[in-house]
Amino acid sequence: MTNTILPTVRLGNDGPAVGVQGLGCMGMSEFYGPTDTVEALATLDAALEAGVTLFDTADAYGSGHNEELIGPFVRANRDRVVLATKFALERRADDPTYRGIRNDPAYIRSAVDASLRRLGVDVIDVYYMHRRDPAVPLAESVGAMAELVAAGKVRHLGLSEVTGAELREAYAVHPIAALQSEWSVFARDVESSAVPAAAELGVAFVPYSPLGRGFLTGSFAAAEELAADDFRRSQPRFRGENAAANLALVEPIRKIAAARGATAAQVALAWVHQRAEVHGLTVVPIPGTRKRTRLAENTAAAALRLTAEELAALEPIAGQVAGDRYTDMTFTSAGRD
Ligand SMILES: NC(=O)c1ccc[n+]([C@@H]2O[C@H](COP(=O)([O-])OP(=O)(O)OC[C@H]3O[C@@H](n4cnc5c(N)ncnc54)[C@H](OP(=O)(O)O)[C@@H]3O)[C@@H](O)[C@H]2O)c1
């Protein structure tokens, strides 16, 4: 598949127009092994050139490093970049593995100021609640987020890993432009409640890890071959027997790719777009890459359409995946659905 400039879609009922594929910046700072920073920064520029406008980061990625890394790029292209960042995952300098979840209004107010400072911008285009703490009433958290819109610090609101019921409850407090949760050929639990609710409310869906954290592309076969600090080493579906079983499920994706002169990554991305059509909602997947070659490969997927037979061949995969998508599923929408 050759590259094309991406078409645009609207993020939610009153959100900005964005290229139909965004860029996940997380891996540039943490989680997926060592990064060549020069190449990663060049990838940001290449993305913008290809029509990618939604750039996704979070305060938690590298404990602030990722926001600082992309800040100069965002500022240099402020009128073209739709900047999305997130709060809620609390990190601790003395314990890199610690993850707390904070949804209380005081925390939200301080988190947004810290993100604005690290990014070096006056306003965030889409501000997500990264994870839900059920101990804090959702109306309180979304109310605090709405105050950030009124204060001009944030333009639009987003949520991540919430159920359909939680999305409806939040929307009643303030319009939500985007719901960001894991959605791929390999991870379809969101189709039970979150996706239908987003479709009904006109909320755009931003599928994260649309390449199954790289597994669907064949770039690794098992967690054991990854760097010692790679986050995927701890995730159930990439380990030991699970990984071996799941590798067989990637075969139909590879087969379709070979027959179409495409790559497995492109087939996985095309699947997300076409699955969203079935549900009648807008999607803007945010595959993560730190390399220009892969960026070009991924954006070219926007031109690939799978046939009904190809879609049927991919249909059983998610139901056969061995292992959960996180070690602790209570932090996901599926854990509360
Ligand atoms: N809201 C949340 O809770 C949440 C959770 C996870 C992620 N996210 C966001 O979603 C973004 C994307 O998710 P993700 O990065 O976890 O997973 P992903 O996009 O499914 O996969 C990323 C992995 O695939 C590799 N890759 C990318 N394109 C490829 C290609 N064409 N061929 C072979 N390998 C390829 C990348 O390596 P290289 O970088 O080396 O190319 C990286 O290791 C993140 O960057 C982050 O912004 C959000």
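In listed order, ligands and their atoms are each counted from 1. Index from 1, following the sequence.
Counting heavy atoms from C-beta on, the side chains of Met28 and Leu23 come closer than 4.5 Å.
Ring-plane geometry between His130 and Tyr61 is classed as perpendicular, the angle between the planes exceeding 60 degrees on a 0 to 90 degree scale with a lower cut at 30. Ring pair Phe186/Phe215 is tilted by interplanar angle, where 30° to 60° counts as tilted.
Under a 3.5 Å cut-off, the side chain of Gln21 and the backbone N or O of Asn298 do form a donor-acceptor pair. Checked by atom type and distance alone, the side chain of Arg233 pairs as donor or acceptor with a backbone atom of Leu226 at under 3.5 Å.
Distances shorter than 4.0 angstrom do not occur between any heavy atom of Gln266 and any atom of ligand 1. No heavy atom of Arg292 sits closer than 4.0 Å to any atom of ligand 1. Residue-ligand proximity: Glu161 is placed with every non-hydrogen atom at 4.0 Å or more from ligand 1. Heavy atoms of Tyr61 come nearer than 4.0 angstrom to ligand 1 in at least one pair.
Under the ring-ring contact (aromatic ring centres under 6.0 Å, His included) rule, Phe238 has a single partner from Phe231, Tyr32, Phe220, which is Phe220.
Atom 28 (N) of ligand 1 has as its closest protein heavy atom Asn298 ND2, 3.1 Å. Shortest contact from atom 13 (O) of ligand 1 to any protein heavy atom: Ser209 N, 3.0 Å. Considering only non-hydrogen protein atoms, atom 21 (O) of ligand 1 sits nearest to Gly214 N, 3.3 Å.
Below 4.0 Å from some heavy atom of Ala265 lie the following atoms of ligand 1, by number and element: 30 (C), 31 (N). For ligand 1, the atoms sitting less than 4.0 Å from at least one non-hydrogen atom of Asp56 are 9 (C), 46 (C), 47 (O), numbered in the order shown with element in parentheses.
Of the candidates Arg294, Arg290, Arg213, Glu39, Arg294 brings a heavy atom nearest to atom 29 (C) of ligand 1. Closest to atom 25 (C) of ligand 1 by heavy atom, among Gly212, Ser184, Gly288, is Gly288.
Some N or O of Met26 is nearer than 3.5 Å to an N or O of ligand 1, by distance alone.
Classification of Arg132 and Glu169 as a salt-bridged pair fails, no side-chain N sitting under 4.0 Å from a carboxylate O.
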